[in-house]
Engineer: 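Would you mind keeping the following structure in view while I ask a few things?
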Amino acid sequence: MNGVVSATLRVLIGDDHRIVREGLKQVLADAPDVQVVAEAQTGLEVLQQVSDLRGREGLDLVLLDIALPGMDGLDVLQTLKREHPKLPVLMLSTYPEKQYAVRCIKLGASGYLNKSADPDDMLAAVRKVAAGGVYLTPTTAEALAAAVGQRNAQAGPEALSHREHQVYRLLTQGLTVSEIGAQLGLAPNTVSTYRVRILEKTGTKNDVELALYAQRHAQGRSPD
């Protein structure tokens with residue numbers, strides 16, 4: 001038993017939904033070599049927990065949701081990679097891999113997995129990333145290859161900056177400029193400026209067209 005404990009992979013789960021955290025803990029509890037040592041429901045809590053555990057000294061992996069309240073998962077990822085560059089991060093989301101996986105990996109994530117993934121795949125991803133590897137599903141690998149091939153001809157969401165992509169995601173969820181500003185800590189005028197850039201880059205004229213564009217893009221179809 002002592003040998004198993006000493007080899008345990010220590011995991012922090014960052015997700016704002018308790019039912020999701022409990023589900024993840026149940027999946028990981030079935031593995032004798034994995035232990036959830038901390039959990040958090042906001043981005044700031046994730047950063048505080050990692051700091052309290054002294055980063056890589058007390059953790060082997062962070063399982064991190066993208067859609068966190070306040071400071072979202074992508075901002076948290078950037079902060080973690082800056083402050084604890086050796087700490088592996090595996091991103092979790094309900095968003096399509098083709099739309100978010102490449103962005104996460106470019107920001108330093110060691111893998112991207114949909115929350116609906118098979119438990120065996122989840123455990124395989126946790127073990128590989130905690131060991132210092134990169135976990136890529138076939139869909140993510142395909143998206144990465146496409147991103148490399150289209151680097152000089154990108155348009156739309158893949159061409160957006162990190163902040164533009166945050167605003168894009170919230171716009172397509174139906175939030176107003178004021179609501180987005182409050183959530184991201186930006187002035188409404190700044191959000192409006194980002195909105196104009198997003199519309200230009202996606203070739204859309206208003207929020208309705210942008211929402212339709214996002215839906216088509218998520219389904220893997222080019223906009224008409």
Side-chain angles (χ1 to χ4, degrees), residues 10-25 28 36-56 58-59 61-85 87-97 99-116 129 157 160-198 207 210-211 214 218:
R10 302 155 301 174
V11 177
L12 182 154
I13 298 175
D15 194 289
D16 59 328
H17 293 100
R18 181 178 178 181
I19 191 170
V20 173
R21 297 197 306 274
E22 293 299 325
L24 290 171
K25 286 193 290 185
L28 299 179
V36 176
V37 297
E39 57 183 283
Q41 60 182 357
T42 70
L44 291 177
E45 286 182 6
V46 170
L47 296 178
Q48 185 60 56
Q49 292 274 17
V50 172
S51 178
D52 291 345
L53 290 164
R54 299 183 180 180
R56 194 66 174 84
L59 283 170
L61 172 70
V62 174
L63 276 174
L64 183 62
D65 184 23
I66 288 180
L68 293 173
M71 185 179 191
D72 75 11
L74 296 179
D75 279 335
V76 175
L77 172 62
Q78 286 186 303
T79 302
L80 287 176
K81 299 315 294 184
R82 181 173 64 251
E83 298 180 354
H84 307 278
L87 179 62
V89 179
L90 175 61
M91 301 300 292
L92 293 174
S93 181
T94 57
Y95 299 126
E97 289 179 67
Q99 188 171 351
Y100 285 89
V102 173
R103 185 173 297 275
C104 289
I105 290 172
K106 285 182 177 179
L107 291 175
S110 296
Y112 182 99
L113 201 61
N114 196 283
K115 291 181 182 179
S116 63
V129 170
L160 301 177
S161 69
H162 173 53
R163 183 64 82 182
E164 288 169 350
H165 196 270
Q166 288 180 312
V167 174
Y168 164 81
R169 176 166 58 83
L170 296 175
L171 282 172
T172 58
Q173 290 176 2
L175 273 67
T176 66
V177 166
S178 296
E179 290 170 336
I180 293 172
Q183 183 161 329
L184 298 180
L186 300 173
N189 286 344
T190 301
V191 177
S192 295
T193 299
Y194 281 123
R195 178 180 173 276
V196 170
R197 294 178 187 171
I198 292 164
D207 292 348
L210 185 66

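Computed from a predicted structure; not experimentally measured.
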Engineer: About how many Å separate CG of Asp207 and CD1 of Ile198, when rounded to the nearest 0.5 Å?
Structural biologist: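 One finds 9.5 Å between CD1 of Ile198 and CG of Asp207.
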Engineer: Donor-acceptor pair, Lys81 side chain versus Leu87 backbone, under 3.5 Å?
Structural biologist: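 Side chain of Lys81 to backbone of Leu87, a donor-acceptor pair under 3.5 Å: yes, one is there.
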Engineer: What pair of heavy atoms forms the shortest contact from Pro88 to Arg56, and how long is it?
Structural biologist: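 Where Pro88 meets Arg56 most closely, the heavy atoms are CD-NE, 3.9 Å.
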Engineer: Mind checking whether Ile105 and Met91 have side chains closer than 4.5 Å, heavy atoms only?
Structural biologist: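 Ile105 vs Met91: side chains apart.
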Engineer: To check you understand the geometry: which heavy-atom pair defines the closest contact between Cys104 and Leu77, and what is its length?
Structural biologist: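 Here Cys104 and Leu77 meet closest at O-CD2, 3.5 Å.
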Engineer: Is there a donor-acceptor pair under 3.5 Å between the side chain of Ser51 and the backbone N or O of Leu47?
Structural biologist: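 Side chain of Ser51 to backbone of Leu47: no pair is present.
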Engineer: Give every donor-acceptor pair under 3.5 Å between a side-chain atom in residues 10-19 and any protein atom, sequence neighbours left out.
Structural biologist:
unit_1	atom_1	unit_2	atom_2	d
Arg10	NE	Asp60	OD2	2.9
Arg10	NH1	Glu57	O	2.8
Arg10	NH2	Asp60	OD1	3.4
Asp15	OD1	His17	N	2.8
Asp15	OD2	Lys115	NZ	2.7

Engineer: Where is the tightest heavy-atom contact between Leu59 and Val62, given as atom of each residue plus distance?
Structural biologist: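 So the minimum-distance heavy-atom pair works out to CD1-CG2, 4.3 Å.
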Engineer: Would you say the side chain of Val167 lies within less than 4.5 Å of the side chain of Arg197, judging by non-hydrogen atoms?
Structural biologist: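 SC-SC contact between Arg197 and Val167 ruled out.
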Engineer: Considering non-hydrogen atoms only, spot the tightest contact between Leu64 and Gly73 and give its length.
Structural biologist: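 For Leu64 and Gly73, the tightest heavy-atom pair comes out as CD2-O, 3.5 Å.
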Engineer: Do Arg169 and Gln166 have side-chain atoms, one donor and one acceptor, less than 3.5 Å apart?
Structural biologist: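 Side-chain D/A pair, Arg169 to Gln166: absent.
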Engineer: Taking all non-hydrogen atoms of both residues, which atom of Tyr95 and which atom of Asn114 are closest, and how far apart?
Structural biologist: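 Reported closest heavy-atom pair: O-ND2, 3.6 Å.
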Engineer: Drop me the distance from Gln173's CD to Leu171's CG, to the nearest 0.5 angstrom.
Structural biologist: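 With rounding to 0.5 Å, CD (Gln173) is 9.5 Å from CG (Leu171).
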Engineer: Quick one: does Arg103's side chain have a donor or acceptor within less than 3.5 Å of a partner on Leu160's backbone?
Structural biologist: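 Yes, because the side chain of Arg103 sits within donor-acceptor range (under 3.5 Å) of the backbone of Leu160.
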Engineer: Do Leu28 and Leu63 touch side chain to side chain, with heavy atoms closer than 4.5 Å?
Structural biologist: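 The answer is yes; the side chains approach within 4.5 Å.
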Engineer: To the nearest 0.5 Å, tell me how far Leu186 CG sits from Tyr194 OH.
Structural biologist: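 The CG atom of Leu186 sits 6.5 Å away from the OH atom of Tyr194.
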Engineer: Check whether any side-chain heavy atom of Thr42 sits under 4.5 Å from a side-chain heavy atom of Leu68, and report yes or no.
Structural biologist: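 Counting from C-beta outward, Thr42 and Leu68 never come under 4.5 Å.
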Engineer: Using 0.5 Å steps for rounding, measure from the CG atom of Leu24 to the CG atom of Asp65.
Structural biologist: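 Result: 9.0 Å between the selected atoms.
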Engineer: Give a yes or no on whether the backbone of Pro85 and the side-chain of Arg82 come within a donor-acceptor separation of less than 3.5 Å.
Structural biologist: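 Flag not set: sc Arg82 to bb Pro85 has no pair under 3.5 Å.
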Engineer: Roughly how far, to the nearest 0.5 Å, is CD of Gln183 from CG of Leu170?
Structural biologist: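 So the CG of Leu170 and the CD of Gln183 are separated by 5.0 Å.
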Engineer: Test your reading of the model: is there a side-chain donor-acceptor pair from Gln49 to the backbone of Glu39, 3.5 Å cut-off?
Structural biologist: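 Yes, the answer is positive, given that a donor and an acceptor are paired below the 3.5 Å cut-off.
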Engineer: If you apply the rule side-chain contact (heavy atoms from CB on, under 4.5 Å), what do you find for Gln78 with Leu74, and how did you get there?
Structural biologist: CA-CA 6 Å; Gln78 286 186 303; Leu74 296 179; 5.8 Å; no
Engineer: What are the two closest non-hydrogen atoms of Leu90 and Tyr112, and how far apart are they?
Structural biologist: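 For Leu90 versus Tyr112, the nearest heavy atoms are CD1-N, 3.8 Å.
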Engineer: Are any of the side-chain heavy atoms of Leu210 and Tyr168 separated by less than 4.5 Å?
Structural biologist: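 Yes - at least one pair of side-chain heavy atoms lies under 4.5 Å apart.
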Engineer: Relative to the ring of His165, is the ring of Tyr100 parallel (under 30°), tilted (30 to 60°) or perpendicular (over 60°)?
Structural biologist: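 Perpendicular: the ring planes of Tyr100 and His165 meet at over 60°.
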Engineer: As an exercise, state the distance from CZ of Arg163 to CG of Leu184, rounded to the nearest 0.5 Å.
Structural biologist: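 Here the rounded value is 5.5 Å.
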